[in-house]
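The sequence lines fix the lettering, A, B, ..., with proteins before strands; numbering per chain opens at 1.
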Amino acid sequence: MSNPHQEDAQTHGAPVYSKDYWDLVFEQLGRNGLFKIAVVILTIMYASAIYAPVIANDRPYVLEAANYAEYNKALRTLYPATLGVGRIAKQTPEEYVAKRTQGSDQSYQDALKLEAGAVLTQVADMSHYLPAVKGTEMDAFAAAIKDLRDKALSLSGERSEVDKEALAAAASATKDMVKAIRVEFKPLDPAKPEEGGLELVGQRSYPIVETISGVEMFFMVLWLFLMGWPLWNRLWNKLLLQGNRTRIRKARPRKWGLVLGISLLAGISWGTTIGGSPTFTVAGYKSALTSGEIVQTLAVLPPVPYGFAEIHGAEIFRPPTWAASSEISEEGYYVRGARVPLKDPVTGFLPPPLPVEVRYGESELNASTRHILGTDSAGRDFLARLLWGGRVSLAVGLISAFLLVVIGTIIGSIAGYFGGMVDLILSRFIEIVLCIPAFFLILMVSAFIDPKIIPPIFSIVILIALIRWTGVARLVRGEFLRLREAEFALAAKSLGFSSRRTIFLHILPNAMAPVLVAGAFAVASGILTESTLSYLGFGIQRPMPSWGSLINDSKMAENWWIQIFPGLLIFITITCYNQVGDAFRDALDPKAKKN
Amino acid sequence: MWMVPTLLGIILIILGLLHAAPGDPAMMMMGIGSGGSSGEVSQDGVDYQARIDAFKKENALDRSFLVQYAGVLGPFNVKPDGHELFGGDGRNPYGGFLVFDFGKELLNKNKHIGEEIKKRLLSTTLPLALISIMLTYLLALPIGIYSANRAGMTIDKITTVGLFIMYSIPVFWAGLMLKLAFGKTGLGWLPVIGLHSRDAADMDMLPYLWDAFKHFLMPVTVMTYGSLAYISRQMRTGMIEVIHQDYIRTARAKGLSEKTIIFKHALRNSMIPVITIFASILPILIGGSLVIEVIFDLPGMGEYMFKGLLKRDYNIIMATMTLSGVMTLMGILLSDIAYAIVDPRIKYS
């Protein structure tokens, strides 16, 4: 048989390669405009979920600040702690044991070490923020304390009068030093700088970066790779592989391995070095910055400067701030609409006002950008919660779809490959499960799962996978029944390959096309199931946000933004996934007629 | 006959899943939750373990799985007051689904679950489902046929995308949005909760019907749009497939009018896939009815199940879950019969 293409190639010199199945699939997908739009929207959705900590957070990206509150606390405790060290050092161990608090069995050495350790911690806390000159004084003090401690520890046995005197002298010397420090090292009050005092040196830290965990880093890198796929894939194919289709085909698994490998490596190395261990901690960065507890020389907050659990007690259910009804006066009363406070008909008093605290980095009280999507039942910014909630919803959809495809594929291939009794039992079982509304089953079981034993986010994923695998199993079974008698499967069998090898290496790859389609639809239905469950109150529980549980926050029609925005996001995501599934189906099925 | 083992299997799966769920059902039902006070007398002097044991004994939850399964099925009651065969004292020997005894609510011993479900099914869930299914098919078939006859034209493309988007709207969100738009806070045209106004009992015939219509409008819309979109798409696909068949080409060649071709030659054959789908959308429809009844506060079976779930009431849940399975089975049976009518080649033995 002579192939016209090959002859063509030989005569013209340029190689022409036939397109394989996946080439055709990608070509088909590339021609589908709606598919491309859906993929772009989904990419953005996943970006906002993966990068939520960087987009919406109440921590600054970078902070160069002096923690006056911490410094003051250290300074206050320094004096009594130093006196404590001196007092213990002057005593002999026997005296200490005789005098120590009743019930305490702390040894002399332990007590001394503990007390001296406390002083050194305070010194270290203060030294963070001290100018270099003052730092040396502090070092001298620390050295004196260490000296005193070591001297007292070395003389734990009998003490001569000379030793006692030396110890007493050293103790009084540290006392004098700490007295001087108490005066000289007094910081200036940031609220009243004219009173004078020591100006502290800011320390630089990266609060958001430090809280990102290894897993988060893995997904961040992975997303970047997938996002740039069209670009670097084309470059790689053109430059490295010279557009040779055979080589491109062979490089496919290598590319995937590289993408996953690099992301995994980034995640692991991040998790073991920087991830999840903040060096500079404050309970609430923004309130500390606002109240002047910490004074910054540099603080850059994310574009949405709210945390997903950051509470604004005075702004409960505040409408989106671009809406007229959201205006609040300086005292803290609503100015327009149904929430304007009314005078009590009997006493004539207005209800007590709730002044809004505008924290550092936030927009002005009535700026339209303050809470673009309003706030929820605890005054948490709704946009921040939506961004963080996307993480849960999208993850539940993806993981549950993956799990159910795996379960369904395994059971379906067993049923289809072996046939006979196995197939009969499994098929009957599948038919029975399909008779019960899957949503009811999931709802029923999730109502009886104790959230303390399995967190809802896991139980939802597992439940969806355990109950919804039947559809995929049916598909795979059908494909296997069809492919079981195909030549290549018979060849594999007659070569004496094991059943496992025949199933997984020979038949399954050819049966995966409909599974891929079902998988895309399964993601959509997973997201829908999770959100419906959470809306009914049986899914994700507060304070963890998910799109469904956010809608559950208020059933009142006045709080329209609570009901509109999360639902809109769910709707868009589901539409996109359905579109992707549809496009896959059209592209994967060569028999499908274009009409 | 296949329905009997299927039904047995359905009940087995429901009961099995309830048992497999981590967390003690007795404790969940009593609202205690795991950990803490169980196993000992708690600080407030209540012996929770003794209470739990008594509760389990009373509801036969301490029996083996098989005995519980037998108890749910019937005809023997396996509870302490049940048949002697199962160690009861014989006061109340028979019970279970076989004798149509669905038990009583756990928190309200005077309320028979069977009667409550019957009332709710007849007043709300069945009318809602029937109207919705009829509307679906009445609208979906013409839309599908219309779209298929104009395949590739702009109007077809718009319809296809529109139906596609409609299909993706989450049911509960659609309900909420309709309530926002047409309820008091929006246009104020329609009532948002219940089946009737409070004074419906005193109304004349016509105002009463108008009132019921207004109350049904939104729930029915929400219940219909999803399956409507789905079935229209299937109808369109089926119709297009049929139109490309040889016998349609023959009919065209004979010079028959387009009307005759579509309605006499193509319609019945293109309806086969749409009718088989009926069985598979039914579970989704029943599942969706729970959400719709909860949102619009309709006293239907789904809402009853939801209440049962909130109260962790074993009996209500078993009864409503099984019934939803039965309803699905009925749907499958119906679609099989319809299939035989549309396609005379299929004969049932």
Peer 1: Tell me, side chain or backbone of A:Ile551 under 4.5 Å from chain B's heavy atoms, or both, or neither?
Peer 2: side chain

Peer 1: SG/A:Cys435 to CE/B:Met330 distance, rounded to the nearest 0.5 angstrom?
Peer 2: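 The CE atom of B:Met330 is 11.5 Å from SG of A:Cys435, to the nearest 0.5 Å.
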
Peer 1: For B:Ile332, is it the side chain, the backbone, both, or neither that has a heavy atom closer than 4.5 Å to a heavy atom of chain A?
Peer 2: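 Answer is side chain: those atoms of B:Ile332 sit under 4.5 Å from chain A.
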
Peer 1: Return a table of donor-acceptor pairs under 3.5 angstrom between the side chains of residues 162-172 of chain B and protein atoms on other chains or two or more places apart.
Peer 2:
unit_1   : atom_1 : unit_2   : atom_2 : d
B:Ser168 : OG     : A:Asn578 : ND2    : 3.0
B:Ser168 : OG     : B:Phe164 : O      : 3.2

Peer 1: Return yes if some donor-acceptor pair links the side-chain N/O of B:Arg312 with the main-chain N/O of A:Ala447 below 3.5 Å, else return no.
Peer 2: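 It does hold such a pair.
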
Peer 1: Heavy atoms only: give me the nearest A:Gln563-B:Trp173 pair and the separation to one decimal.
Peer 2: O-NE1, 2.9 Å

Peer 1: Which region of A:Ser531, side chain (C-beta onward) or backbone (N, CA, C, O), has a non-hydrogen atom less than 4.5 Å from a non-hydrogen atom of chain B, or is it both or neither?
Peer 2: both

Peer 1: With a 4.5 angstrom heavy-atom cut-off, which part of B:Leu309 approaches chain A: side chain, backbone, both or neither?
Peer 2: both

Peer 1: What part of B:Leu310 is in contact with chain A, defined as an atom under 4.5 angstrom from a non-hydrogen atom: side chain, backbone, both or neither?
Peer 2: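 When you check distances to chain A, atoms from both the backbone and side chain of B:Leu310 fall under 4.5 Å.
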
Peer 1: For A:Tyr577, which atoms come within 4.5 Å of any heavy atom of chain B: side chain, backbone, both, or neither?
Peer 2: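 The answer is neither part of A:Tyr577.
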
Peer 1: Kindly compute the distance separating CD1 (A:Ile432) from CD1 (B:Ile14), expressed to the nearest 0.5 Å.
Peer 2: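 Going from CD1 on A:Ile432 over to CD1 on B:Ile14, the span is 11.0 Å.
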
Peer 1: Would A:Lys555 and B:Asp297 pass as an ion pair if we require N to O under 4.0 Å?
Peer 2: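 Between B:Asp297 and A:Lys555 there is no salt bridge, as every charged N stays at least 4.0 Å from the carboxylate O atoms.
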
Peer 1: With chain A, which of B:Leu7, B:Val294, B:Ile13 has the greatest number of heavy-atom pairs at distances under 4.5 Å?
Peer 2: B:Ile13

Peer 1: Is it the side chain or the backbone of B:Ile10 that comes within 4.5 Å of chain A heavy atoms, both, or neither?
Peer 2: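 Looking at B:Ile10, backbone and side chain both touch chain A.
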
Peer 1: Can you tell which part of A:Tyr535 gets under 4.5 Å to a heavy atom of chain B, answering side chain, backbone, both or neither?
Peer 2: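 Just its side chain gets close to chain B.
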
Peer 1: For A:Ile454, which atoms come within 4.5 Å of any heavy atom of chain B: side chain, backbone, both, or neither?
Peer 2: side chain

Peer 1: Picking from A:Leu34, A:Leu441, A:Leu463, which has the most non-hydrogen pairs under 4.5 angstrom with chain B?
Peer 2: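 It is A:Leu441.
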
Peer 1: Checking A:Phe439 against chain B: side chain, backbone, both or neither under 4.5 Å from a heavy atom?
Peer 2: side chain

Peer 1: Under 4.5 Å from any heavy atom of chain A, what part of B:Val161 do you find: side chain, backbone, both or neither?
Peer 2: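 When you check distances to chain A, only side chain atoms of B:Val161 fall under 4.5 Å.
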
Peer 1: Is A:Glu431 close to chain B through its backbone or its side chain, or both, or neither, when contacts mean heavy atoms under 4.5 Å?
Peer 2: neither

Peer 1: In terms of heavy-atom proximity below 4.5 Å to chain A, should B:Met305 be classed as side chain, backbone, both, or neither?
Peer 2: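 The side chain, not the backbone.
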
Peer 1: Using a 4.5 angstrom heavy-atom cutoff, name the option from B:Thr320, B:Leu12, B:Leu176 with the most pairs to chain A.
Peer 2: B:Leu176

